[in-house]
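See structure below.
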Amino acid sequence: MNTTSPLAVVQAQLDAYNAKDLDALMRTYAPDAQQFSLHGALLAQGHDQIRLRYQERFAEPELHARLLNRSVLGNFVTDLEIVTRNFPEGRGTVEMLCVYEVVDGRIVRASFATGEKRLG
(Lines give C-alpha, C1' and ligand atoms only; values in the text may rest on other atoms or scores of the structure.)
Protein backbone atom coordinates (compact mmCIF):
# COMPACT_ATOMS: atom_id res chain seq x y z
CA MET A 1 0.00 0.00 0.00
CA ASN A 2 1.26 3.45 -0.95
CA THR A 3 1.38 5.86 1.98
CA THR A 4 1.68 9.01 -0.12
CA SER A 5 -0.77 11.58 1.25
CA PRO A 6 -3.72 12.69 -0.91
CA LEU A 7 -2.39 16.25 -0.68
CA ALA A 8 1.04 15.20 -2.02
CA VAL A 9 -0.53 13.19 -4.86
CA VAL A 10 -2.72 16.09 -6.00
CA GLN A 11 0.19 18.55 -5.74
CA ALA A 12 2.33 16.17 -7.85
CA GLN A 13 -0.51 16.07 -10.39
CA LEU A 14 -0.67 19.87 -10.52
CA ASP A 15 3.12 20.16 -10.82
CA ALA A 16 3.16 17.62 -13.68
CA TYR A 17 0.28 19.45 -15.40
CA ASN A 18 2.12 22.76 -15.28
CA ALA A 19 5.35 21.12 -16.46
CA LYS A 20 3.37 19.39 -19.26
CA ASP A 21 5.02 16.15 -18.10
CA LEU A 22 2.53 13.57 -19.32
CA ASP A 23 4.35 10.56 -17.84
CA ALA A 24 4.63 12.16 -14.39
CA LEU A 25 0.98 13.17 -14.54
CA MET A 26 -0.12 9.64 -15.45
CA ARG A 27 1.81 8.25 -12.46
CA THR A 28 -0.58 10.19 -10.19
CA TYR A 29 -3.62 8.36 -11.63
CA ALA A 30 -4.68 4.77 -10.93
CA PRO A 31 -4.72 2.62 -14.10
CA ASP A 32 -8.54 2.43 -14.03
CA ALA A 33 -9.11 6.04 -12.84
CA GLN A 34 -12.18 7.91 -14.00
CA GLN A 35 -12.67 11.59 -14.83
CA PHE A 36 -16.10 13.22 -14.80
CA SER A 37 -17.71 16.56 -15.29
CA LEU A 38 -18.93 17.43 -11.78
CA HIS A 39 -22.33 15.76 -11.21
CA GLY A 40 -22.28 14.67 -14.83
CA ALA A 41 -20.87 12.67 -17.67
CA LEU A 42 -17.86 10.40 -17.69
CA LEU A 43 -15.08 12.26 -19.56
CA ALA A 44 -12.38 9.56 -19.57
CA GLN A 45 -11.67 6.18 -18.03
CA GLY A 46 -8.31 4.48 -17.74
CA HIS A 47 -4.81 5.64 -18.60
CA ASP A 48 -5.28 5.55 -22.39
CA GLN A 49 -8.27 7.92 -22.40
CA ILE A 50 -6.86 10.19 -19.68
CA ARG A 51 -3.49 10.38 -21.45
CA LEU A 52 -5.23 11.42 -24.70
CA ARG A 53 -7.17 14.21 -22.94
CA TYR A 54 -3.99 15.69 -21.45
CA GLN A 55 -1.90 15.15 -24.58
CA GLU A 56 -4.30 17.41 -26.50
CA ARG A 57 -4.34 20.02 -23.71
CA PHE A 58 -0.54 20.03 -23.36
CA ALA A 59 -0.27 21.17 -27.00
CA GLU A 60 -1.47 24.62 -25.84
CA PRO A 61 1.68 26.77 -25.49
CA GLU A 62 0.43 28.95 -22.61
CA LEU A 63 -1.33 26.27 -20.57
CA HIS A 64 -0.89 26.87 -16.85
CA ALA A 65 -3.02 26.23 -13.76
CA ARG A 66 -2.72 28.55 -10.76
CA LEU A 67 -4.04 27.21 -7.47
CA LEU A 68 -6.38 29.66 -5.73
CA ASN A 69 -7.60 27.44 -2.89
CA ARG A 70 -7.21 23.85 -1.72
CA SER A 71 -9.21 21.85 0.82
CA VAL A 72 -8.48 18.35 2.09
CA LEU A 73 -11.00 16.06 3.77
CA GLY A 74 -9.66 12.56 4.35
CA ASN A 75 -8.79 11.14 0.94
CA PHE A 76 -10.63 13.92 -0.96
CA VAL A 77 -8.81 17.00 -2.23
CA THR A 78 -10.65 19.93 -3.79
CA ASP A 79 -8.74 22.53 -5.78
CA LEU A 80 -10.04 25.84 -7.10
CA GLU A 81 -7.79 26.93 -9.95
CA ILE A 82 -7.59 29.55 -12.63
CA VAL A 83 -6.29 27.98 -15.82
CA THR A 84 -4.67 29.94 -18.64
CA ARG A 85 -5.58 28.35 -21.97
CA ASN A 86 -5.16 28.88 -25.68
CA PHE A 87 -8.77 28.72 -26.88
CA PRO A 88 -9.63 28.63 -30.60
CA GLU A 89 -10.77 32.27 -30.26
CA GLY A 90 -7.61 33.34 -28.41
CA ARG A 91 -5.73 33.30 -25.09
CA GLY A 92 -7.85 33.39 -21.99
CA THR A 93 -8.58 31.95 -18.58
CA VAL A 94 -11.18 29.72 -17.02
CA GLU A 95 -11.85 28.86 -13.38
CA MET A 96 -11.89 25.17 -12.57
CA LEU A 97 -13.18 23.34 -9.52
CA CYS A 98 -11.39 20.00 -9.32
CA VAL A 99 -12.39 17.27 -6.85
CA TYR A 100 -9.96 14.37 -6.51
CA GLU A 101 -10.40 11.08 -4.66
CA VAL A 102 -7.08 9.46 -3.79
CA VAL A 103 -6.75 5.79 -2.81
CA ASP A 104 -3.43 4.03 -2.13
CA GLY A 105 -1.41 6.99 -3.40
CA ARG A 106 -3.19 7.40 -6.74
CA ILE A 107 -6.12 9.44 -8.02
CA VAL A 108 -9.02 7.04 -8.63
CA ARG A 109 -11.71 9.61 -9.46
CA ALA A 110 -11.60 13.22 -10.53
CA SER A 111 -14.51 15.54 -11.20
CA PHE A 112 -14.28 18.95 -12.83
CA ALA A 113 -16.59 21.96 -12.93
CA THR A 114 -15.66 24.63 -15.45
CA GLY A 115 -16.42 28.29 -14.89
CA GLU A 116 -16.92 31.03 -17.42
CA LYS A 117 -14.31 31.43 -20.14
CA ARG A 118 -12.66 34.87 -20.18
CA LEU A 119 -10.67 35.99 -23.20
CA GLY A 120 -7.79 38.45 -23.15
Review point. Would you say Leu42 and Gln34 make side-chain contact, with heavy atoms under 4.5 Å?
Key: yes

Review point. Sub-3.5 Å donor-acceptor pair from the side chain of His47 to the main-chain atoms of Arg27, do we have one?
Key: no

Point to revise | Residue pair Thr4 / Ala8: nearest heavy atoms and the distance that separates them | key: CG2-CB, 3.9 Å

**Study point:** Interatomic distance, Leu52 atom CG to Ile50 atom CD1 [nearest 0.5 angstrom]
**Key:** 11.0 Å

Review point. Would Arg109 and Gln35 count as a side-chain hydrogen bond (donor to acceptor under 3.5 Å, both in side chains) if you check the C-alpha gap in whole Å, the side-chain angles of each, and the deciding distance to 0.1 Å?
Key: CA-CA 6 Å; Arg109 266 182 291 288; Gln35 293 182 327; over 6 Å; no

Review point. Quick one: do Leu14 and Leu68 end up in the same hydrophobic cluster if we chain Ile, Leu, Val, Met, Phe, Trp and Tyr together by side-chain heavy atoms under 4.5 Å apart?
Key: no

Study note, to complete from the structure: In this structure, CZ of Arg85 is separated from CE of Met96 (nearest 0.5 Å) by 8.5 Å

**Study point:** Separation of Leu43 CG from Leu38 CG (nearest 0.5 Å)
**Key:** 10.5 Å

Point to revise | pair Leu22-Gln55: side-chain heavy atoms closer than 4.5 Å | key: yes

Review point. Between Leu25 and Thr28, which heavy-atom pair has the shortest distance, and what is it?
Key: O-OG1, 2.6 Å

Check your understanding: Is it true that Arg53 and Glu56 have a side-chain N and a carboxylate O under 4.0 angstrom from each other?
Key -> no

Review point. Do any N or O atoms from the side chain of Asp79 and from the backbone of Cys98 form a donor-acceptor pair under 3.5 angstrom?
Key: no

Check your understanding: Do Gln49 side-chain atoms and Gln45 backbone N/O form a donor-acceptor pair below 3.5 Å?
Key -> yes

Practice item. Verify the cluster assignment for Val77 and Leu97: are they in a single hydrophobic cluster under the rule of side-chain heavy atoms below 4.5 Å apart? Key: no

Check your understanding: Quick one: do Asp32 and Arg106 make a salt bridge, cutoff under 4.0 Å?
Key -> no

**Study point:** Leu119/Arg91 under side-chain contact (heavy atoms from CB on, under 4.5 Å): CA gap, chis, key distance, verdict
**Key:** CA-CA 6 Å; Leu119 296 177; Arg91 184 178 187 268; over 6 Å; no

**Study point:** Polar side-chain atom of Lys20 near backbone of Glu60 as donor-acceptor pair, under 3.5 Å
**Key:** yes

Check your understanding: Less than 4.5 Å apart, any side-chain heavy atom of Val94 and any of Ile82?
Key -> no

Exercise for review: Search all heavy atoms of Phe112 against all heavy atoms of Ala110 and return the closest pair with its distance.
Suggested key: CZ-CB, 3.7 Å

Practice item. For Ile107 and Glu101, run side-chain contact (heavy atoms from CB on, under 4.5 Å): C-alpha distance rounded to whole Å, both residues' side-chain angles, the deciding distance at 0.1 Å, then the answer. Key: CA-CA 6 Å; Ile107 298 166; Glu101 183 180 358; over 6 Å; no

Exercise for review: May I ask you to test the Thr84-Arg66 pair for a side-chain heavy-atom distance under 4.5 Å?
Suggested key: no

Check your understanding: Got a sec: does the CG of Leu73 have more than 12 other heavy atoms crowding it under 6.0 Å?
Key -> no

Check your understanding: Just by distance, do the side chain of Asn86 and the backbone of Glu62 share a donor-acceptor pair under 3.5 Å?
Key -> yes

Exercise for review: Measure the shortest side-chain to side-chain distance between Thr93 and Val83 over non-hydrogen atoms and say whether it is less than 4.5 angstrom.
Suggested key: no

Revision key, fill the gap. Tightest non-hydrogen contact, residues Ala65 and Tyr17, listed as CB-CE2, 3.8 Å

Review point. Do the side chains of Val72 and Val9 join up, straight or via other hydrophobic residues, at under 4.5 Å, putting them in one cluster?
Key: yes

Point to revise | side-chain hydrogen bond (donor to acceptor under 3.5 Å, both in side chains) evaluation trace for Tyr100 with Tyr29 | key: CA-CA 10 Å; Tyr100 301 98; Tyr29 278 89; 5.0 Å; no

Check your understanding: Are Phe76 and Val102 side-chain neighbours, meaning at least one heavy-atom pair lies under 4.5 Å?
Key -> no

Check your understanding: Which pair of non-hydrogen atoms, one from Gly74 and one from Pro6, has the smallest distance, and what is that distance?
Key -> O-CG, 3.7 Å

